[in-house]
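Quick notes on the structure that follows.
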Amino acid sequence: MKPGGYEVAASARLDATFLALADPTRRAILARLALGEASVMELAAPFTMSQPAISKHLKVLERAGLVRVGQDAQRRPRRLDGEALQAASVWIEKCRAEWEANYQRLDRLLAALQRGERPGGRAPRKTSPRARR
């Protein structure tokens, strides 16, 4: 099935979210922003990399919709935007529920086979040793 416009846009957003989350520096920045807004200099302080390098990480997070830039006089603080994380969480939960349902069907099938039942609820036919040859 070919995905529609909404699905393509949602997929592209999920791609950007997971790409942003794939880097440990960006995850650390998000963890810091979960405590409250911060400037680029404040975000760069715990890292041994340059401020421009931190700014590049912030651009990736902003493109993914995970971080927003505020305006406070001369200061441009960054703050966490949880909407993209929520969308990723919903997607992961949907996958988890589908996998759980698949495992439950597999468990029922294995239990039925161990009881000697055929898939679909019928018992296997007993064949004589002569018929097996």
Side-chain angles (χ1 to χ4, degrees):
M1 180 163 70
K2 190 175 179 180
Y6 172 76
E7 292 148 350
V8 170
S11 179
R13 188 169 183 181
L14 278 175
D15 290 348
T17 300
F18 287 120
L19 175 73
L21 294 174
D23 185 89
T25 301
R26 292 192 286 265
R27 290 193 303 270
I29 290 171
L30 290 175
R32 166 57 188 86
L33 290 174
L35 302 174
E37 66 181 32
S39 68
V40 175
M41 289 185 65
E42 291 169 331
L43 291 170
F47 298 102
T48 57
M49 60 181 70
S50 66
Q51 190 173 333
I54 292 296
S55 292
K56 286 182 181 178
H57 283 296
L58 284 169
K59 289 287 181 202
V60 173
L61 292 168
E62 290 167 18
R63 277 195 301 269
L66 295 165
V67 170
R68 286 190 185 186
V69 182
Q71 182 74 42
D72 182 18
Q74 299 295 323
R75 197 169 166 252
R76 295 183 47 127
R78 268 52 176 195
R79 64 179 58 113
L80 190 64
D81 184 351
E83 191 175 317
L85 279 177
Q86 179 66 25
S89 178
V90 166
W91 182 83
I92 289 170
E93 179 56 30
K94 182 179 172 184
C95 290
R96 191 206 60 76
E98 289 175 9
W99 296 334
E100 180 69 28
N102 286 341
Y103 284 126
Q104 288 175 358
R105 281 195 302 274
L106 181 59
D107 286 344
R108 286 192 300 270
L109 174 64
L110 291 174
L113 290 173
Q114 287 176 343
R115 289 189 305 265
E117 298 172 4
R118 297 179 97 188
R122 294 188 310 197
R125 281 190 241 167
K126 294 189 177 188
T127 55
S128 67
R130 183 180 272 173
R132 288 187 212 149
R133 292 183 195 158

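Atoms considered below: every heavy atom in the structure, side chains included; atoms not considered: hydrogens, waters and symmetry mates. Being a predicted model, the structure only gives us computed values, none of them experimental.
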message: I need the full list of salt bridge (Lys or Arg N to Asp or Glu O under 4.0 Å) pairs touching residues 22-34, with sequence neighbours left out, sorted by first then second residue.
response: none
- prompt: Can you name the residues that form a salt bridge (charged side-chain N to carboxylate O under 4.0 Å, His left out) with R68, not counting sequence neighbours?
  reply: D81
field: Set of residues satisfying side-chain hydrogen bond (donor to acceptor under 3.5 Å, both in side chains) with respect to D72, sequence neighbours excluded
entry: none
- prompt: Taking only residues two or more places apart in sequence or in another chain, which ones pass side-chain contact (heavy atoms from CB on, under 4.5 Å) with T48?
  reply: none
query: V60 and L66: side-chain contact (heavy atoms from CB on, under 4.5 Å), yes or no, with the steps?
result: CA-CA 9 Å; V60 173; L66 295 165; over 6 Å; no
S55 side chain vs Q51 backbone, donor-acceptor pair below 3.5 Å: yes
statement: Residue pairs meeting ring-ring contact (aromatic ring centres under 6.0 Å, His included), one or both in residues 57-98, sequence neighbours left out, come to F18-W91
task: State which residues pass side-chain contact (heavy atoms from CB on, under 4.5 Å) with D107; sequence neighbours excluded, sorted by chain then number.
output: none
task: Just jot down the side-chain contact (heavy atoms from CB on, under 4.5 Å) partners of A28, sequence neighbours excluded, or say none.
output: F47
task: Report the residues that fulfil salt bridge (charged side-chain N to carboxylate O under 4.0 Å, His left out) with R79, sequence neighbours left out, ordered by chain and then residue number.
output: E37
message: Test of understanding: with side-chain contact (heavy atoms from CB on, under 4.5 Å), list the residues that count as partners of Q114, not counting sequence neighbours.
response: none
- request: Would you please name every residue forming a salt bridge (charged side-chain N to carboxylate O under 4.0 Å, His left out) with E93, sequence neighbours left out?
  value: R96
- request: Quick one: name the residues clustered hydrophobically with W99, using the 4.5 Å side-chain heavy-atom rule over I, L, V, M, F, W, Y, and just say none if it's on its own.
  value: Y103
query: Linking Ile, Leu, Val, Met, Phe, Trp and Tyr by side-chain heavy atoms under 4.5 Å, what else ends up with L106?
result: L110
